[in-house]
Protein chains: 2
Amino acid sequence: METRLEKARKDPESMKARILAAARRIFGEYGFHGATTRMIAQDVGIDISTLHYHWGEKKDLYESVILDINKDLGQSLIDVENMIHGRPLAERMAIAIDVMTDYLFAHPEVSNLILLRYFGKTRHESGLDFKVPEFTSDIARSMGLAKDTKLVSPLAMMEVLTVMNAIHNFISGENFFRPMTGLERGDYIRTAKETLKFILIPAFVQRDRMHAQD
Amino acid sequence: METRLEKARKDPESMKARILAAARRIFGEYGFHGATTRMIAQDVGIDISTLHYHWGEKKDLYESVILDINKDLGQSLIDVENMIHGRPLAERMAIAIDVMTDYLFAHPEVSNLILLRYFGKTRHESGLDFKVPEFTSDIARSMGLAKDTKLVSPLAMMEVLTVMNAIHNFISGENFFRPMTGLERGDYIRTAKETLKFILIPAFVQRDRMHAQD
DNA sequence: CGCCTCCCCCATCATATGATGGAATCATCG
DNA sequence: CGATGATTCCATCATATGATGGGGGAGGCG
């Protein structure tokens, strides 16, 4: 059976899809409790009852947004994986950082929603989870931190989380950080990439070289 | 004139202080919109009207919490600065990471509130800001990334933000990340420190050595 | 004691917000 | 066209939440 979410993703012009897109943005900016169905409806230019007609209650819409984000992020990770396959570690990481950063800056609500979910509770438990563990394991394998996605050590997971979160932080914190730096958006993005590559790559490359010596 | 906040900080047993402490926790967990005055009052074991009696409207209480957090964080940074003064860079960073991580794990609402403020909007503008720019500049100077706190380059600021945020992320994301790893709390904290030191230090040390060669 | 001030709670209000029912509109198809 | 179903909006409800007024009590002080 086709879910509402699948239907919405097929036709981006449909009302379902337009509501979903607006919900991604608004939930991403204000979080679950900070966003109101009225804000989302107004953003689309429709009545709230239309929103309820298509997506049911607020929590259902929110969970659909999370699923949607998950799909997009998972696809991006696959794309990156294919792009960097077979290259040396430093190059793999540099490309991954560049590509993921570009993707996320183009879809900042992805980073926003992920981080807000990490760091903020919601009054009612959602039961629904990000696929963070799977994604993290995949990246760990891709970075050569684990042989098998089933056997990723806690240390490796936390290393991956550090890298991914460092990227998300710059995207999601743009509204706060960019005014601090006084940079234009383009410069901010360039500097973010530069900073991320400068800080994140050397440690892994160094360890990689040491292991190669054995 | 003594502010309500100053009064509350003097006597931690006072009702004012107890409410403030609860507010730090609840706002930290749920964010501004996710937290309700009733939740905070219930946490203290008092009526909401008592809360309003001491702190006025919700937004005022929230801003007091932010000011309170700022003072605590600023003091911690000063403590760390004194502790690491004069040592070589790698050592300075390792100690700073250890000490700040311990402090923040003991007061996770500090990280929570900071990150939620970075990444989530609130419906009404607060006008009140974290002292993030000043703190960031101080750390930049302390890390040798700038001669003067008045002249910190955007690049240096973003490097500092990367480091600070990496720490906050592990504290604030514990509820999400620790179950992923299956670690006990103590092991989680240890692994977080290890990971942070492993990733964050080498890049700066490498660059420091290169500059020393000049 | 009588009065005052400070502090706290009960009852209540006002508004924001999630949600729904039913009418109106539009498209599709026989 | 006329029937049918899908979609949208208007009016309205129910609840959660922020906020307030007034009363009561504890303690200090004449």
Side-chain angles (χ1 to χ4, degrees), chain A residues 1-8 10-23 25-27 29-66 120-126, chain B residues 1-8 10-23 25-27 29-66 120-126:
Chain A
M1 192 197 81
E2 194 178 49
T3 65
R4 279 179 305 194
L5 182 58
E6 284 157 0
K7 210 177 289 178
K10 272 186 195 162
D11 177 7
E13 292 307 314
S14 71
M15 182 56 75
K16 271 188 178 53
R18 286 170 54 207
I19 296 172
L20 187 69
R25 237 171 316 144
I26 306 289
F27 278 130
E29 286 185 34
Y30 296 92
F32 180 78
H33 291 296
T36 70
T37 53
R38 280 171 172 82
M39 288 167 68
I40 297 169
Q42 187 172 7
D43 193 89
V44 182
I46 59 169
D47 190 272
I48 28 169
S49 53
T50 302
L51 184 150
H52 279 86
Y53 172 78
H54 285 287
W55 292 102
E57 60 181 44
K58 185 186 182 184
K59 200 164 69 169
D60 292 343
L61 173 56
Y62 178 71
E63 300 205 338
S64 297
V65 165
I66 300 300
K121 279 189 193 167
T122 173
R123 271 175 240 149
H124 12 268
E125 282 319 308
S126 90
Chain B
M1 193 196 82
E2 195 179 48
T3 65
R4 280 180 304 196
L5 182 58
E6 285 158 0
K7 212 177 292 180
K10 272 187 198 162
D11 177 9
E13 291 307 313
S14 70
M15 182 57 74
K16 272 188 177 55
R18 287 169 56 207
I19 296 172
L20 186 69
R25 237 171 315 143
I26 306 289
F27 278 131
E29 286 183 36
Y30 295 92
F32 180 78
H33 291 296
T36 69
T37 54
R38 278 171 173 80
M39 290 167 68
I40 297 169
Q42 186 171 8
D43 194 87
V44 183
I46 57 169
D47 190 88
I48 26 169
S49 53
T50 302
L51 185 150
H52 279 84
Y53 172 77
H54 285 288
W55 293 102
E57 60 181 43
K58 184 185 184 185
K59 199 165 69 169
D60 292 343
L61 173 56
Y62 178 71
E63 301 205 339
S64 296
V65 165
I66 300 300
K121 278 189 196 170
T122 173
R123 272 175 237 150
H124 13 267
E125 281 320 309
S126 88

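Residue numbers begin at 1 in each chain, while the letters A, B, ... track the order of the sequences.
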* Could you walk me through whether B:Lys16 and B:Leu20 pass side chain to side chain contact (heavy atoms under 4.5 Å, CB included), step by step? => CA-CA 6 Å; B:Lys16 272 188 177 55; B:Leu20 186 69; over 6 Å; no
* **Trace of the side chain to side chain contact (heavy atoms under 4.5 Å, CB included) decision for A:Met39 with A:Gln42** => CA-CA 5 Å; A:Met39 288 167 68; A:Gln42 187 172 7; 5.8 Å; no
* **Pair B:Leu61-B:Ile40, side chain to side chain contact (heavy atoms under 4.5 Å, CB included): steps then yes or no** => CA-CA 11 Å; B:Leu61 173 56; B:Ile40 297 169; 4.1 Å; yes
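Remark: B:Lys58 pairs with no residue by the side chain to side chain donor-acceptor pair (under 3.5 Å) rule, at least two apart or across chains.
Toward the 5′ end of DNA chain C lies the nearest nucleotide of B:Ile46, the other residue of the pair B:Ile46 and B:Arg123 mapping further downstream.
DNA chain D is contacted by no residue of residues 33-40 of chain A, taking any non-hydrogen atom closer than 4.0 Å.
Of all the heavy atoms in A:Ala35 and A:Tyr30, the pair that sits closest is N-CB, 3.6 Å.
One atom, NZ of A:Lys16, and another, C1' of D:dT8, lie 13 Å apart when rounded to the nearest Å. Atom CD1 in A:Ile19 sits about 13 Å away from atom C1' in D:dC9, given to the nearest Å. Atom OH in B:Tyr53 sits roughly 14 Å away from atom C1' in D:dG21 (whole-Å rounding). Spacing between atom CD of A:Gln42 and atom P of D:dC10 amounts to 13 Å, rounded to whole angstrom units. Rounding to whole angstrom units, CD1 of residue B:Ile48 and C1' of D:dG21 are separated by 13 Å.
In this structure, the side chains of A:Leu51 and A:Val44 stay at 4.5 Å or more apart for every pair of heavy atoms.
Taking a heavy-atom distance under 4.0 Å as the criterion, the stretch of DNA chain C touched by chain B extends 5' to 3' from C:dC6 to C:dT17.
Relative orientation of the A:Phe32 and A:Tyr62 rings is perpendicular, given thresholds of 30° and 60° on the angle between their planes.
The phosphate of D:dC9 (OP1 or OP2) has no side-chain N or O of A:His52 nearer than 4.0 angstrom.
The backbone N or O of A:Arg123 sits less than 3.5 Å from a side-chain atom of A:His33, completing a donor-acceptor pair.
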